[in-house]
S.K.: 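Just passing along the structure, written as structure tokens.
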Amino acid sequence: MSGRRKPRTAKSPEAKRSTGTRTNTEEKQTKTFEEQAANFNPPASGARPKKCGAPAKVKLDEEIKKDPKKTTASGARPKKCGAPAKVKLDEEIKKDPKKTTTATTAQTKPNVNCTASDANPETCGTKTKSPVDEKDNIISTIYKDKCAAEQPESTLKGKKGMTQLQMKQLSHDDSKKADDVKKTELRTTLNATLENLKIRMKEKSKASEVINKLEKVILKHLRSETIWFRQVEEPLHTGSYYENLKISNPDEFDIMFPIPVQRIDIQPFTEDGAFYVVSLKRGYNPLKRFQEDGKPLPASEILQDFRQEVIESIKDFPGVSIDRKKRGCPAVTLNIKVESRDISLDIVLCLVVQSSWPDFTSDGLKIEAWLGRKIKKDYKFKPYYLVSKYEGNGNDERDGILAKDCWRISFSHVEKEILKNHGSVKTCCEKDGTHCCRKDCLKLLKHLLSLLKEQDKSFAKFCSYHVKTTFLHACCSRTNDSQWAAADLTQCFEQLLIDFEKHLESRQLNNFFIPAQNLLSGCSQKSCKSLALRIKKEREEGFPIFKC
DNA sequence: AACCGCTAATTCCG
DNA sequence: CGGAATTAGCGGTT
């Protein structure tokens, strides 16, 4: 059989990492990357832990000006509402006529959609308040129509004198009706938000063309021009873009460059099992060059060298700039402007270790009930990765080892596969299978967090990895696909928020793979509480933040 | 190592 | 809705 979807029962999950070479975009010429005065800074969404705290700058979106007629009210995502001006309708409603028939007619009116819901992080809370009202008006218009069409008899009858019991019943019906209206409204909001979070194909195409080219250049350099990194394996595409979870813009790419290591000795550096001290044992490895006798592999030194090589490899690539080295960041971050948009590419050096996972992981990855024992076993046969990353002060010392010389364990390859194969039933979200709303829920929560971070800088330490982890735990506690039915998006999303609030209130969110690591330990009690409250508020008020 | 062919996921478009 | 287009990913062939 061919094709990439492996059946659930696939054997040898490991194997052919190094065979795939993608050449599809290689031949195309990369256009020169136009420099434009207007500056565009991506939202700090999708940030992984390493990026926590990165300030999100306010952007100017030059395209707003380009399309005055459409974007006057909507402001935020001009390219969506812009050119084709054909924002898609609520898919669910269309697919599921029986559920939401009442709202369909109103929604199919084209003018509703473009102005509706503008979910851009930058504009929220900074400027353009007008869209809110406009959308609200539209929505309420929809529901006025709907109610008028639906329940005239009951309301009219009520006025012609009835028993008290009947009246009571009536008001009960009314409140139920109002509840339904609210639910439908919520659904509309979420769907419109999701619509606006979609990555446009043109953007994706342009961005990936450049990124793939960059990757190729770097890989080639590492393999043929370096000594220490020439064993680098086929790059690993991780992060939200490659998980199909990127929202709003294709402006963040994560690529890991794995260096194989055979026999190593790893010792936990921290009590939570997230950081390790690594030493190469006997056997040849170019990286041994960095390792002094009796000492461990110095992550920071290797990273520094790697960084130089990356810089060297892209020196002829037009329009690339390199971020100043950030403390505690496992990556070399390249920035490149594509069609006036800034794209960042995180290049992560990592060691790939093909042996059993450290003991700290033994209580993690509790996916048996959700995905099955077999899948779990397959995952645990995969290698694990060690990325050069330290936290806090790199000069902190423990047993004579500097924090900056230890390695953080990473399972992003497994995260990616889980996200791709996320159903308890194999056919979940396949072409002819049942669709679930897991990914949509995750996208919405990511978006919500990035909007809240925009609003309140005290939330800077929260990142999308918190969201992702919450989501993975949620999948483990609601394992059945029917608990994530596409039609139940609003309930599922709300429940996911409740989960998140609980983690925040208790300030306890365990790493999905390493339960001993509390991902919220770096966040203050106060900020956790306040974020939980803030999310609760949005949830209870029907997500006004999505409507601005 | 380069290329091809297939499939999946997603967006676009009529 | 259904098909085209596009990126991504896998495996096989040359």
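Just so it is clear, the values below take in all heavy atoms, side chains as well, and ignore hydrogens, waters and symmetry mates. Being a predicted model, the structure only gives us computed values, none of them experimental. Residue numbers begin at 1 in each chain, while the letters A, B, ... track the order of the sequences.
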S.K.: Does A:Ser205 place a side-chain N or O at less than 4.0 Å from the phosphate oxygens OP1/OP2 of C:dT7?
M.R.: yes

S.K.: Hey, does the side chain of A:Lys439 come within less than 4.0 Å of B:dT10's phosphate (OP1/OP2), counting only N and O?
M.R.: yes

S.K.: Is A:His237 close enough to C:dG9 that one of its side-chain N or O atoms is under 4.0 Å from OP1 or OP2 there?
M.R.: yes

S.K.: Calculate the interatomic distance between A:Glu209 atom CD and C:dT7 atom C1'; express it in whole Å.
M.R.: 12 Å

S.K.: A:Glu225: what forms a salt bridge (charged side-chain N to carboxylate O under 4.0 Å, His left out) with it, not counting sequence neighbours?
M.R.: none

S.K.: Rounded to the nearest angstrom, tell me the gap between atom NZ in A:Lys198 and atom P in C:dT7.
M.R.: 18 Å

S.K.: Between A:Lys204 (NZ) and C:dA5 (C1'), how many Å, whole number?
M.R.: 11 Å

S.K.: Just how far, in rounded Å, is P of C:dC10 from CD of A:Glu233?
M.R.: 13 Å

S.K.: Could you state the CZ-C1' distance from A:Arg200 to B:dC12, rounded to the nearest angstrom?
M.R.: 9 Å

S.K.: Less than 4.0 angstrom between a side-chain N/O of A:Lys416 and OP1 or OP2 of C:dA8, yes or no?
M.R.: no

S.K.: Counting side-chain heavy atoms from C-beta on, which of C:dG9, C:dA8, C:dA5 comes nearest to A:Lys420?
M.R.: C:dG9

S.K.: Within the pair A:Tyr241 and C:dA8, is there a side-chain N or O less than 4.0 Å away from OP1 or OP2?
M.R.: yes

S.K.: Between the side chains of A:Arg373 and A:Asp378, is the shortest nitrogen-to-carboxylate-oxygen separation below 4.0 Å, so that they form an ion pair?
M.R.: no

S.K.: Counting only side-chain N and O atoms of A:Asn244, is one of them less than 4.0 Å from OP1 or OP2 of B:dT11?
M.R.: no

S.K.: Just to verify, what does A:Glu538 make a side-chain contact (heavy atoms from CB on, under 4.5 Å) with, not counting sequence neighbours?
M.R.: A:Leu448, A:Arg534, A:Phe543, A:Pro544, A:Ile545

S.K.: With a 3.5 Å cut-off and no angle check, do the side chains of A:Glu309 and A:His221 form a donor-acceptor pair?
M.R.: yes

